[in-house]
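Computed from a predicted model, the values in this text were never measured in an experiment.
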Amino acid sequence: MMQHILLCGGSGTRLWPLSNQQTPKQLLTLFDGYSLLQLAFRRNRFACNKVMAIVNEQQAAIVTEQLEQAGAAAPVCLAEPVGRNTAAAIALAAFVADPDTILLITPADHLIGTPDRYAMAIETAGILAAGNHIVTIGLVPTYPETGFGYISYSGHDVLRFVEKPDRVVAEAMLSAGGFLWNSGIFCCKARVMLQELQQHAPAIYEAAAIAAAEWKSTGLLSKETMEAIPADSIDYAVLEKSSIVKVVPTRMDWSDVGSYEALADALSEHYQYRNHQAVFIESDPHKNMVIGKDKLVALVGVENMVVVNTASALLIMKRGRGQDIKQLHQWVRDNRPELL
């Protein structure tokens, strides 16, 4: 069995005001009463007998509560006082785990709708990881996405990692074939990850070793110790430099739920919540998304709308403009930071 490492960072800024600093998108119970965090835990129980969540200390209590509600017997939360990106989080997890344990490292905010294909990919990845490889899951692209990194591959061999491309490059890669979306899901033995960190990112390795020793001794991480770890993603720090990375291609139904359009698609089979407290007059409920609290939201004669009504803010947006939420979030940060 593997140990599940849940990466719970990320604030879901493109889903503001629904997602905020106190309750980011992975903790919102939107999916038939479950959160993305809980779905991620449940999805990986077949392969993992232990779970550790790497989490911002502000959310440690609610993450522990949600994992227990989802059936985790003894979840471990490693609470970071300040985030230092995924390389630091994974280094800490690897130092804390038993050296020969295979770590299944997944984001907490992804939605996967084909559990059979997912399970097959994870089982294959586990076999490769047992052979002392770092194994990433690659998604066969279905359109020229510019917001994801890509992997050039042959069989299980990684030829190279490709940065987030512009649309022309993305279209060319999709047409040529031989490229996968980088899902951010991977597995490896703890000692293999530490070996590669020590070789390719020694500053992260050394600072994380000190932080892990502090956590083992006290159960806490100090801000000063965390800030001493250089901030970098695991992709830049290790995966793009390592010679032992393999990939498992899959065609599973996957979403990072990174925009309101993606959320609307993800909720397409969850209408009971999707249009909660909403009424539609000459408007199609399947072409509009309403998420509201405390009051009725009525849509009359309009289509392709997103309405998000929270206690702190009301968002009304035309579908297709989800990327503009970044600009809105920056305005709120500059002018009304208390709403974040």
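Side-chain atoms of Ser255 come within 3.5 Å of backbone atoms of Val257 as a donor-acceptor pair (strictly under, hydrogens ignored). Between the side chain of Thr124 and the backbone N or O of Met120, at least one donor-acceptor pair lies under 3.5 Å. Under the 3.5 Å distance criterion, the side-chain polar atoms of Gln66 are matched with a main-chain donor or acceptor of Leu27. Of the possible donor and acceptor atoms, one in the side chain of Thr86 sits under 3.5 Å from a partner among the backbone N and O of Ile234. Between the side chain of Asn288 and the backbone N or O of Asn304 there is at least one donor-acceptor pair closer than 3.5 Å. Within the 3.5 Å criterion, the main-chain N or O of Leu221 finds no donor-acceptor partner in the side chain of Glu80. Panel note: side chain Tyr153, backbone Phe179; no donor-acceptor pair is recorded below 3.5 Å. Remark: the backbone N or O of Arg321 is paired with a side-chain donor or acceptor of Glu261 at under 3.5 angstrom. Of the possible polar contacts, none joining the Ser242 side chain to the Val238 backbone as a donor-acceptor pair under 3.5 Å is found. Checked by atom type and distance alone, the side chain of Lys246 never pairs as donor or acceptor with a backbone atom of Leu128 at under 3.5 Å.
Interatomic distance, NE2 of His4 versus CZ of Arg43, reported as 7.5 Å (0.5 Å rounding). To the nearest 0.5 Å, atom NE2 of residue His329 and atom CG of residue Leu339 are 10.5 Å apart. Between the NZ atom of Lys318 and the CG atom of Asp324 there is a distance of 12.5 Å, given to the nearest 0.5 Å. Atoms CD1 and CG, from Ile151 and Asn182 in turn, are 4.0 Å apart once rounded to the nearest 0.5 Å. How far CG of Leu6 is from CD of Gln38: 11.0 Å, rounded to the nearest 0.5 Å. Summarising the geometry, atom CD1 belonging to Ile204 is positioned 13.0 Å from atom CD belonging to Gln198; distances are rounded to the nearest 0.5 Å.
Atom CZ of Arg251 sits in a sparse spot, with 12 or fewer heavy atoms from other residues, nucleotides or ligands closer than 6.0 Å.
At a threshold of 4.5 Å between non-hydrogen side-chain atoms, the residues Leu7 and Ile54 count as touching. Between Val135 and Phe186 there is no side-chain heavy-atom pair separated by less than 4.5 Å. Within the 4.5 Å cutoff, side-chain heavy atoms of Ile185 are placed close to those of Pro107. Residues Ile210 and Glu206 fail the side-chain proximity criterion, which asks for heavy atoms closer than 4.5 Å. Under the 4.5 Å side-chain criterion, counting only non-hydrogen atoms from C-beta, Leu315 is not in contact with Trp16. A 4.5 Å side-chain heavy-atom check between Glu196 and Ile244 finds at least one atom pair inside the cut-off. No side-chain heavy atom of Asn44 sits under 4.5 Å from any side-chain heavy atom of Val51. Within the 4.5 Å cutoff, side-chain heavy atoms of Leu30 are placed close to those of Leu18.
Nearest approach of Lys295 to Asn309, heavy atoms of both residues: CG-ND2, 3.3 Å. Closest of all the heavy-atom pairs between Ala60 and Ala79 is CB-CB, 4.1 Å. Closest heavy-atom contact between Arg14 and Ile325: O-CG2, 3.5 Å. Minimum heavy-atom separation, Cys8 to Val63: SG-CG1, 4.4 Å. A pairwise comparison of heavy atoms in Pro144 and Tyr150 identifies C-OH, 3.8 Å as the closest pair. Pairing each heavy atom of Ala129 with each of Ile102, the nearest pair is CB-CG2, 4.0 Å.
Residues Tyr236 and Ile105 fall into different hydrophobic clusters, defined by Ile, Leu, Val, Met, Phe, Trp and Tyr side chains chained together at heavy-atom separations under 4.5 Å. Note: the hydrophobic cluster containing Ile112 also contains Phe148 (ILVMFWY, side chain heavy atoms under 4.5 Å, direct or indirect links). No single ILVMFWY cluster, assembled from side-chain heavy atoms under 4.5 Å apart, contains both Phe41 and Leu111. Residues Phe161 and Ile90 share a hydrophobic cluster, clusters being chains of Ile/Leu/Val/Met/Phe/Trp/Tyr side chains in contact below 4.5 Å. At a threshold of 4.5 Å between side-chain heavy atoms, the hydrophobic network of Ile, Leu, Val, Met, Phe, Trp and Tyr places Val247 and Val162 in two separate groups.
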Determine, stepwise, if the pair Trp215 / Thr225 fulfils side chain to side chain contact (heavy atoms under 4.5 Å, CB included).
CA-CA 10 Å; Trp215 187 84; Thr225 304; over 6 Å; no
Check the pair Val140 / Leu180 against side chain to side chain contact (heavy atoms under 4.5 Å, CB included), numbers first and verdict last.
CA-CA 5 Å; Val140 176; Leu180 302 165; 3.9 Å; yes
Report the C-alpha distance between Tyr34 and Gln69 in whole Å, list the side-chain angles of each, state the deciding distance to 0.1 Å, and finish with yes or no for side chain to side chain donor-acceptor pair (under 3.5 Å).
CA-CA 10 Å; Tyr34 290 105; Gln69 289 172 348; over 6 Å; no
Just do the side chain to side chain contact (heavy atoms under 4.5 Å, CB included) check on Thr146 and Asp166 with the steps written out, would you?
CA-CA 6 Å; Thr146 60; Asp166 60 28; 5.6 Å; no
Quick one: do Asp284 and Glu303 satisfy side chain to side chain contact (heavy atoms under 4.5 Å, CB included)? Show the steps, please.
CA-CA 7 Å; Asp284 187 342; Glu303 305 292 4; 3.5 Å; yes
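Checking each of Val308, Val290, Ile316 against Val297 for a side-chain contact (heavy atoms from CB on, under 4.5 Å) leaves exactly one that passes, namely Val290. With Pro17 as the fixed residue, the side-chain contact (heavy atoms from CB on, under 4.5 Å) test singles out one of Val332, Leu314, Thr310: Thr310.
Under the ring-ring contact (aromatic ring centres under 6.0 Å, His included) criterion, Tyr205 pairs with Phe95, not counting sequence neighbours. For His110, the ring-ring contact (aromatic ring centres under 6.0 Å, His included) test picks out Trp254, with sequence neighbours left out.
Of the charged side-chain nitrogens involved, at least one lies within less than 4.0 Å of a carboxylate oxygen, so that Asp265 and Arg319 count as a salt-bridged pair. Between Arg336 and Glu338 a salt bridge is recorded (basic side-chain N to carboxylate O distance below 4.0 Å).
Between the side chains of Gln3 and Thr101, not a single donor N or O lies within less than 3.5 Å of an accepting N or O.
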